[in-house]
Amino acid sequence: MALHAAILFDLDGTLVDSYGDAEDCWGEWADSVGLGDTFDLAPFYGQKRADIIRTLLPQLSQQEIDEHAERVRLAERARVDKVVALPGAAEVLAALPPERWGIVTSNDTEVAQARLRSAGLPVPDVLVSADNVVHPKPHPEGFLLGAEKLGFDPASVVGIDDSPIGISAAKDAGLTAVAVRFRHDVSELSNAHVVADGVKSIECRTQPDGITLTIDGVLL
């Protein structure tokens, strides 16, 4: 029986669907800076706000980028009425002891907590956000820090993410990387060890010495 010490989840697109609110907030920002007709958030899923703004408006100074990013952050923190838990998320988390799971998100802590609460999901003791790292995904720093905070060797931890950059980050951190389909095609997630059709396809069982995961009935 394959046992894993812990699980680190991505948040948006993995445990919650927050894109309705995110797209509203970013769409309003794009309109305000004259990008409304051409802006599409999809290519930027999983990236930090400042990095998105820098790509779209490279002429801005760092101070201006930070100011725009804060505007979007405050909007996303306040607007969570469309956030819902993805199918299976509540069941997967309920099956795990609090000391054996955490979240690694490219969002900031306040927005992540607000989205979890709005979706009716627990806020974990280990929540690694953009506030805690220097290098965002696809850099492995977030997953490495999450494993450290949980107290386990990264090689014994499973990372679950819906984005190609998140899967790369988990793999480079030495985790077993499980991709969950949300807005990316299977072909875009081919670098994962396993691809699941959402967290609803994942079953976790806690054993005395660890956790077993089955994906679509197949033991990981």
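Just the heavy atoms: all of them, side chains too, but no hydrogens, waters or symmetry mates, feed the values below.
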Review point. With a 4.5 Å limit on heavy-atom distance, are the side chains of Lys137 and Asp10 in contact?
Key: yes
Check your understanding: So how far is it from Leu3 CG to Ser156 OG, rounded to the nearest 0.5 Å?
Key -> 10.5 Å
Exercise for review: Verify the neighbour count for atom CG of Asp37: are there more than 12 heavy atoms of other residues, nucleotides or ligands below 6.0 Å?
Suggested key: no
Practice item. Run the numbers on Glu23 and Arg79 for salt bridge (Lys or Arg N to Asp or Glu O under 4.0 Å), then give the verdict. Key: CA-CA 11 Å; Glu23 287 170 345; Arg79 188 174 301 179; over 6 Å; no
Study note, to complete from the structure: Taking every heavy atom of Asp12 against every heavy atom of Tyr19, the minimum-distance pair comes out as O-OH, 3.4 Å
Review point. So with a 6.0 Å cut-off around NZ of Lys200, is the heavy-atom count from everything else above 12?
Key: yes
**Study point:** Cluster overlap Phe9 with Ile211, hydrophobic side-chain contacts below 4.5 Å
**Key:** yes
Review point. If you round to the nearest 0.5 Å, how far is CG of Leu121 from CD1 of Ile103?
Key: 8.0 Å
Check your understanding: Counting distance only, does the side-chain N/O of Glu141 pair as donor-acceptor with the main-chain N or O of Val134 below 3.5 Å?
Key -> yes
Review point. How far apart are the closest heavy atoms of Pro164 and Glu188, and which atoms are they?
Key: CG-O, 3.4 Å
Revision key, fill the gap. Taking every heavy atom of Ala114 against every heavy atom of Val80, the minimum-distance pair comes out as CB-CG1, 4.1 Å
Point to revise | Side-chain heavy atoms of Arg100 within contact of Ile7, under 4.5 Å | key: no
Review point. If Ile, Leu, Val, Met, Phe, Trp and Tyr residues are connected whenever their side-chain heavy atoms lie under 4.5 Å apart, and connections chain through other members, are Leu150 and Phe143 in the same group?
Key: yes
**Study point:** From CA spacing to verdict: side-chain hydrogen bond (donor to acceptor under 3.5 Å, both in side chains), Ser32, Arg71
**Key:** CA-CA 11 Å; Ser32 75; Arg71 278 178 52 197; 3.0 Å; yes
Practice item. State, yes or no, whether a side-chain contact exists between Leu56 and Leu35 at a heavy-atom distance under 4.5 Å. Key: yes
Point to revise | Distance-minimising heavy-atom pair for Val92 and Cys204 | key: CG1-SG, 3.9 Å
Check your understanding: Any chance CZ of Arg77 has more than 12 other-residue heavy atoms, nucleotides or ligands included, within less than 6.0 Å?
Key -> no
Review point. For the side chain of His193 and the backbone of Lys171, is there at least one donor-acceptor N/O pair under 3.5 Å apart?
Key: no
Practice item. Answer yes if the side chains of Asp161 and Ser163 hold a donor-acceptor pair under 3.5 Å, and no otherwise. Key: yes
**Study point:** Closest non-hydrogen atom pair between Val111 and Arg49, with its separation
**Key:** CG2-NH2, 3.5 Å
Review point. Out of curiosity, does Val126 fall in the hydrophobic cluster containing Leu175 (side-chain heavy atoms, cut-off under 4.5 Å, transitive links)?
Key: yes
**Study point:** Heavy-atom check, side chain of Val33 versus side chain of His68, under 4.5 Å
**Key:** yes
Review point. Can you list the residues that meet the side chain to side chain donor-acceptor pair (under 3.5 Å) rule with Thr109, with sequence neighbours excluded?
Key: Ser129, Asp131
**Study point:** Minimal non-hydrogen separation, Lys82 against Asp21, with atom names
**Key:** N-OD2, 2.8 Å
Practice item. With rounding to the nearest 0.5 Å, note down the distance linking CD in Glu67 to CD1 in Ile53. Key: 10.5 Å
Point to revise | Gln63 atom CD, over 12 foreign heavy atoms within 6.0 Å | key: no
Point to revise | Derivation of the salt bridge (Lys or Arg N to Asp or Glu O under 4.0 Å) call for Arg54 and Asp51 | key: CA-CA 5 Å; Arg54 185 178 296 106; Asp51 292 338; 2.8 Å; yes
Revision key, fill the gap. When rounded to the nearest 0.5 Å, the distance separating CD of Glu76 from CG of Asn107 is 5.5 Å
Check your understanding: Mind checking whether Ser106 and Leu11 have side chains closer than 4.5 Å, heavy atoms only?
Key -> no
Practice item. Fit a plane to each ring of Phe39 and Trp29, take the angle between them on a 0 to 90° scale, and name the class: parallel (under 30°), tilted (30 to 60°) or perpendicular (over 60°). Key: perpendicular
Review point. Side-chain donor-acceptor pair under 3.5 Å between Asn191 and Ser168, yes or no?
Key: yes
**Study point:** Pairwise distance CG(Asn132) to OG1(Thr105) - rounded to 0.5 angstrom
**Key:** 10.5 Å
Practice item. Tell me, with the steps shown, if Arg73 and Asp108 meet salt bridge (Lys or Arg N to Asp or Glu O under 4.0 Å). Key: CA-CA 8 Å; Arg73 187 190 77 83; Asp108 66 272; 3.4 Å; yes
Check your understanding: Linking I/L/V/M/F/W/Y whenever their side-chain heavy atoms sit closer than 4.5 Å, directly or via other members, would Val186 and Phe182 fall into one cluster?
Key -> no
Review point. If you measure from CG on Leu60 to CG on Asp66, what distance do you get to the nearest 0.5 Å?
Key: 10.5 Å
Point to revise | Heavy atoms from other residues, nucleotides or ligands near CZ of Arg205 exceed 12 (cutoff 6.0 Å) | key: no
